[in-house]
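Structure record follows, encoded as structure tokens.
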Amino acid sequence: MKRNKFEQIVTHLIENGFVFQGSEIYDGLSNTWDYGPLGNNVKNNISNYWWQKFVTESRLNVGIDAAILMNPRVWETTGHLKNFNDPLIDCKNCKVRHRADELINKSKPELEVEGLSDSELDALIKEHKIKCPNCGVSDFTDIRKFNMMFKTHIGPVEGSQNAVYLRPETAQGVFVNFRNVQRTMRKKIPFGIANIGKAFRNEITPGNFIFRTREFTQMELEFFCEPGTDEKWFEYWKDYCLTFVEDLGVKKDNLRFRDHTPAELSFYSKATVDIEYLFPFGWGEIWGIANRTDYDLKGHIDATGAKFVYRDPMTNEEYIPYCVEPSVGLDRLLLMVLVDSYDVEQVDGQDRIVMRLAPHLAPYQVSVLPLVKKLSPKAEELFSMLAKKFTVSYDESGSIGRRYRRQDQVGTPFCVTVDFETLDDESVTVRERDTMSQERIKISELEAYIRSKVEL
RNA sequence: GCAGGUGUAGUUCAAUGGUAGAACAUUAGCCUUCCAAGCUAAAUACGCGGGUUCGAUUCCCGUCACCUGCUCCA
């Protein structure tokens with residue numbers, strides 16, 4: 001079996017401690033993945049960089065960390081309980097799956113399907129002998145609901161009264177805290193609230209490694225602005241996000257914007273644009289920037305009477321803020337960065353695998369290598385010094401050339417080699433991943449030298 | 001969930017109805033070792049369960065996982 005490039009990359013990531021299959025020794029659990037030491041480092045680097053750019057460096061934004069479990073009424077308000085309840089139906093003849101309401105709509109547009117129960121939909125399909133658009137036969141299974149929210153319960157006893165859901169998006173944790181944050185931080189519109197956290201969706205079909213999983217990390221900013229300025233801010237954040245993605249070091253040819261057509265717009269969104277990346281398996285959405293208008297705040301006001309109406313202190317004008325939401329999946333950014341940096345080149349007739357990760361994202365920025373094991377004490381000393389400033393690995397096993405290649409494989413941009421001269425003159429060899437070039441640097445100047453190359 | 005495909009050391013591949021070999025990788029040792037050198041050792045596999053059989057990694061069934069579609073989405 002010939003392996004495609006994506007399979008090669010996945011194998012490489014698993015073999016080098018970036019990602020492991022979840023619960024592997026128990027035969028795994030479908031589409032769960034654990035991040036190994038290296039993948040975790042890269043993920044944290046991306047996540048920290050996002051927080052740096054969207055919160056720390058922003059005069060307008062602040063960040064929170066909202067709970068995963070929320071009062072289930074939140075999901076009634078947002079429509080998730082209703083909209084994540086798709087009535088699915090399978091054709092027994094050709095095995096193609098359909099949505100029951102859409103199935104009826106397509107062949108009998110005159111029939112009203114809005115608000116019908118499953119059994120009523122079932123009855124309509126039988127009564128009008130609706131045919132499968134794929135094979136033309138009218139022979140379907142019963143409707144089955146596929147709730148995309150993970151359900152659990154509070155307390156020791158399971159029951160419908162105490163049902164709660166794992167949040168399917170982090171955004172609502174921000175919206176319900178709009179007033180808390182605005183008041184305590186004394187924020188004036190426009191301002192944004194950021195949140196990084198896990199979300200859970202019981203996807204019908206996950207896949208493509210860590211691209212679509214049922215448990216994933218979202219990094220979201222809910223940016224609140226005055227109605228009428230929303231389109232301006234939409235454009236602003238759209239550009240800001242693209243710049244962010246480009247700073248992750250991926251090839252620009254592999255990036256594009258894609259506007260959602262009116263037909264595919266979410267019911268809550270006035271406009272949505274995706275930043276997409278060209279994965280080996282095709283274009284995939286990385287980042288969605290949505291104009292959510294006042295849908296969310298208004299919904300919570302209507303349901304609870306929350307004081308989410310904002311009074312402009314200058315004009316005394318009152319309004320419900322509009323929200324522009326850049327929402328990105330951390331796992332997808334990670335996959336993008338890892339896939340994009342993977343490179344195989346020929347050196348002296350041998351394959352050289354190099355992860356050309358941006359230095360600020362690499363799992364290790366520096367590796368300290370004693371030329372021979374006798375030099376380990378000096379190298380360990382150097383490791384301790386550098387580890388206070390950078391992420392550093394240490395390797396004393398095998399020939400120096402082999403160790404350079406090992407570091408290339410996991411994307412370490414700089415290797416620092418301790419040799420016998422080091423003992424005499426306090427200098428080391430700094431070897432660069434991308435150029436394979438070497439330079440002699442004094443230990444006293446090492447930190448500044450590496451810092452100048454690692455920082456953006 | 002449905003349809004199709006795949007499943008042997010860490011990886012890539014062999015062989016076989018009588019319980020498995022290699023290459024590379026890994027670990028240890030030799031070597032004043034700067035781009036996967038060499039030499040000497042070591043460790044590691046038939047996804048799981050059941051059936052047929054004297055005996056199953058091999059045949060059958062089930063299951064689990066992964067890949068490709070259908071659907072959904074960050």
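Below, chain A is the first sequence line, B the second, and so on; all start at residue 1.
Using a 4.0 Å cutoff on non-hydrogen atoms, the parts of residues 328-342 of chain A near RNA chain B are A/R332, ordered by number.
For A/Q409, the listed nucleotide lying nearest its side chain is B/rA36; candidates were B/rA36, B/rC34, B/rU11. Checking B/rA74, B/rC34, B/rA36 against every side-chain atom of A/R201, the shortest atom distance belongs to B/rA74.
The side chain to side chain donor-acceptor pair (under 3.5 Å) search around A/N48 returns none, not counting sequence neighbours. For A/T435, the side chain to side chain donor-acceptor pair (under 3.5 Å) partners at least two apart in sequence or on another chain are A/S437. Residues meeting the side chain to side chain donor-acceptor pair (under 3.5 Å) test with A/Y404, sequence neighbours left out: A/T417. Remark: A/F178 engages A/F191, A/F224, A/F308 in a ring-ring contact (aromatic ring centres under 6.0 Å, His included) (not counting sequence neighbours). Residues passing the ring-ring contact (aromatic ring centres under 6.0 Å, His included) test with A/H300, sequence neighbours excluded: none. In this view, A/D253 satisfies the side chain to side chain donor-acceptor pair (under 3.5 Å) rule with no residue, not counting sequence neighbours. Legend: residues meeting ring-ring contact (aromatic ring centres under 6.0 Å, His included) with A/F279, ordered by chain and number and at least two apart, are A/F211, A/Y277, A/F281. Remark: A/F209 engages A/W33 in a ring-ring contact (aromatic ring centres under 6.0 Å, His included) (not counting sequence neighbours).
Where A/I286 and A/T429 each meet RNA chain B at their nearest nucleotide, the meeting point lying more 5' is that of A/T429.
Annotation: B/rU58 and B/rA9 have their P atoms spaced 15 Å apart (nearest Å).
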Any N/O pairs under 3.5 Å between the protein and nucleotides 24-33 of chain B? List them or say none.
| residue | atom | partner | partner atom | Å |
| --- | --- | --- | --- | --- |
| B/rA25 | OP1 | A/R402 | NH1 | 3.2 |
| B/rA25 | OP1 | A/R402 | NH2 | 3.4 |
| B/rU26 | OP1 | A/R406 | NE | 2.9 |
| B/rU26 | OP1 | A/R406 | NH2 | 2.8 |
| B/rU26 | OP2 | A/R402 | NH1 | 2.9 |
| B/rU27 | OP2 | A/S397 | OG | 3.2 |
| B/rG29 | OP2 | A/K373 | NZ | 3.2 |

What nitrogen or oxygen pairs link the protein and nucleotides 40-49 of chain B at under 3.5 Å?
none

| According to the Watson-Crick and G-U wobble definition with distances under 3.5 Å, which dot-bracket string, read 5' to 3', encodes RNA chain B, using [ ] for crossing pairs and | for pairs with another strand? | (((((((..((((....[..)))).(((((.......)))))....(((((..]....))))))))))))....
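On a pure distance criterion of 3.5 Å, no polar donor-acceptor pair joins the side chain of A/R431 and the base of B/rC34.
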